[in-house]
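Chain identifiers are assigned alphabetically (A, B, ...) following the order of the sequence lines, protein sequences preceding nucleic acid strands; residue numbering begins at 1 within each chain.
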2 protein chains.
Amino acid sequence: MPRGECRGQGWWHGKFRGCGYRLTLGREAILDILSKSESHLSAEDIYVKIHTRYPSVGLTTVYRTLDVLSSLGMVYKLDFGDGRSRYEFAEGPKGAHHHHHLVCTQCNKIIDYTDFIDDEVELLNQTEKGLGQKYKFKITNHLIQFYGVCEECSGKK
Amino acid sequence: MPRGECRGQGWWHGKFRGCGYRLTLGREAILDILSKSESHLSAEDIYVKIHTRYPSVGLTTVYRTLDVLSSLGMVYKLDFGDGRSRYEFAEGPKGAHHHHHLVCTQCNKIIDYTDFIDDEVELLNQTEKGLGQKYKFKITNHLIQFYGVCEECSGKK
DNA sequence: TTTGATAATGAAAACCATTTTCATTAAGGA
DNA sequence: TCCTTAATGAAAATGGTTTTCATTATCAAA
């Protein structure tokens with residue numbers, strides 16, 4: 001098996017242990033679902049998926065686990081203003097990815113866009129540096145959202 | 001009285017009437033508070049302020065009024081992820097202003113920054129145009145937030 | 001000015017995503 | 001294997017927001 005590859009029960013083993021957390025069935029199941037899913041799952045979404053395969057894992061555990069994963073930086077907690085949080089796998093140890101979204105204010109559809117991102121990221125990095133210095137913030141992340149009305153919702157008139 | 005100035009009970013009179021809404025004490029009070037306040041008030045904040053001067057105005061009305069104002073575009077509803085919505089006066093008929101924030105993930109402090117905004121806005125306008133075309137979105141607004149840890153919270157260790 | 005349709009309101013109850021409580025179970029170092 | 005204590009599920013609590021419903025108030029029309 002090539003070096004550098006994840007093996008056994010996944011690369012997150014070490015992260016849990018190293019931080020004093022225990023590796024449990026529920027946590028593995030949740031990480032498994034999250035890592036294989038398209039983004040933007042709510043706690044309930046995750047619970048439903050988990051529950052079919054591991055009926056013993058409850059919604060409370062889903063919430064608690066998402067909290068832990070969030071604080072470990074393995075998962076991002078997002079908010080699109082529809083009253084429930086969404087969670088997104090942080091794409092493994094190779095690093096974060098972007099939170100640049102297009103949000104329909106009528107049907108709450110979310111589009112992750114990657115167009116134009118290069119220029120944006122460059123500017124954001126500069127801004128981040130400038131703001132960090134001026135306000136003495138340790139900036140770790142950013143979010144860009146454009147709000148509007150999507151094609152279907154415009155059509156509905 | 002010079003032309004163009006707001007008079008009587010405020011420029012919003014016309015907007016209400018024009019949309020079939022009635023002008024009530026509660027609505028005036030809320031608009032009054034909002035237009036004079038620093039931004040980022042929660043519904044509760046507004047309710048407390050209102051209640052001292054107009055004890056007859058209830059929290060329910062505050063929520064309902066904020067909804068109406070929001071849908072009229074007179075107020076922006078913001079979400080900083082602390083579980084409660086914040087509201088911000090849309091700065092009158094001369095136009096919106098920016099939603100570029102620095103958010104401390106530990107104490108939830110929000111800083112509105114205006115530094116670096118010119119470059120940002122220019123890039124955002126381009127992106128907005130490009131995204132709007134590609135995804136057929138009618139984009140009306142945007143939000144940029146940088147997340148990090150503020151000076152005090154870093155100090156706490 | 002009075003009248004009348006109906007929009008707006010307050011109080012209380014309902015809602016619902018999330019968190020807490022608490023007794024029980026299980027991970028994993030010794 | 002044992003033992004400390006982290007993790008768990010179920011149920012209750014929390015807290016921001018919305019709904020219900022009977023009452024009140026706005027304002028266009030007479």
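Taking the six-membered ring where the residue is Trp, Phe16(A) and Tyr21(A) present perpendicular rings, their angle passing 60° and hence far from 30°.
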Detail all sub-3.5 Å separations between protein N/O atoms and N/O atoms belonging to nucleotides 20-24 of chain D.
from    : atom 1 : to       : atom 2 : distance (Å)
dT20(D) : O4     : Arg64(B) : NH1    : 3.4

Check: protein-nucleotides 2-5 of chain C nitrogen or oxygen pairs below 3.5 Å:
none

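The separation between Asp79(A) atom CG and dT17(D) atom P is 12 Å, rounded to whole Å. For the pair Tyr21(B) OH and dT26(D) C1', the computed distance is 15 Å after rounding to whole Å. Atom CG in Leu78(B) sits about 16 Å away from atom C1' in dG16(D), given to the nearest Å. Counting to the nearest Å, the C1' atom of dC15(C) and the CZ atom of Arg84(A) are 12 Å from each other. For the pair Leu66(A) CG and dT18(C) P, the interatomic distance rounds to 10 Å; values are reported in whole Å. Computed from coordinates, the Asp45(B) CG to dT17(D) P distance equals 11 Å when rounded to whole Å. Here the C1' atom of nucleotide dA8(C) and the CG atom of Leu25(B) are 12 Å apart, to the nearest Å. The CG-P distance, from Asp67(A) to dA17(C), rounds to 17 Å in whole Å.
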Exercise for the section: Go through Tyr63(B) and Glu44(B) one step at a time and tell me if the side chain to side chain donor-acceptor pair (under 3.5 Å) criterion holds. Expected result: CA-CA 9 Å; Tyr63(B) 274 108; Glu44(B) 181 90 31; 5.9 Å; no
Problem - ring-ring contact (aromatic ring centres under 6.0 Å, His included) between Tyr147(A) and His142(B), intermediate numbers included - result: CA-CA 6 Å; Tyr147(A) 297 96; His142(B) 65 249; 9.1 Å; no
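Counting heavy atoms from C-beta on, the side chains of His100(A) and Thr127(B) never come closer than 4.5 Å.
You'll find that the side chain of Thr65(B) is closest to dT9(C), out of dT9(C), dA17(C), dC27(D). The nucleotide whose nearest atom lies closest to any side-chain atom of Thr24(B) is, among dT19(C), dA27(C), dT26(D), dT26(D).
The phosphate of dT19(C) has neither OP1 nor OP2 within less than 4.0 Å of any side-chain N or O from Tyr63(A).
Ser71(B) OG to Lys77(B) NZ: the interatomic distance, rounded to the nearest 0.5 Å, is 11.0 Å. To the nearest 0.5 Å, atoms CG (Asp115(B)) and CD (Gln133(A)) are separated by 11.5 Å.
Side chains of Ser70(A) and Asp67(A): a donor-acceptor N/O pair is absent below 3.5 angstrom, by distance only.
Residues in residues 29-59 of chain B take part in these ring-ring contact (aromatic ring centres under 6.0 Å, His included) pairs, two or more places apart or across chains: His40(B)-Phe80(B), His40(B)-His101(B), Tyr47(B)-His51(B).
For the pair Arg27(A) and Glu44(B), nearest-nucleotide mapping onto DNA chain D gives the more 5' position to Arg27(A). Each of Tyr87(A) and Tyr47(B) lies near DNA chain C, and the nucleotide nearest Tyr47(B) is the one positioned closer to the 5' end.
Contact detail for Leu25(A) and Ser56(A): the closest heavy-atom pair is CD2-OG, 4.4 Å.
Among the atoms of the strands shown, only primed sugar atoms or phosphate atoms (P, OP1, OP2) are found under 4.0 Å from some heavy atom of Ser85(A).
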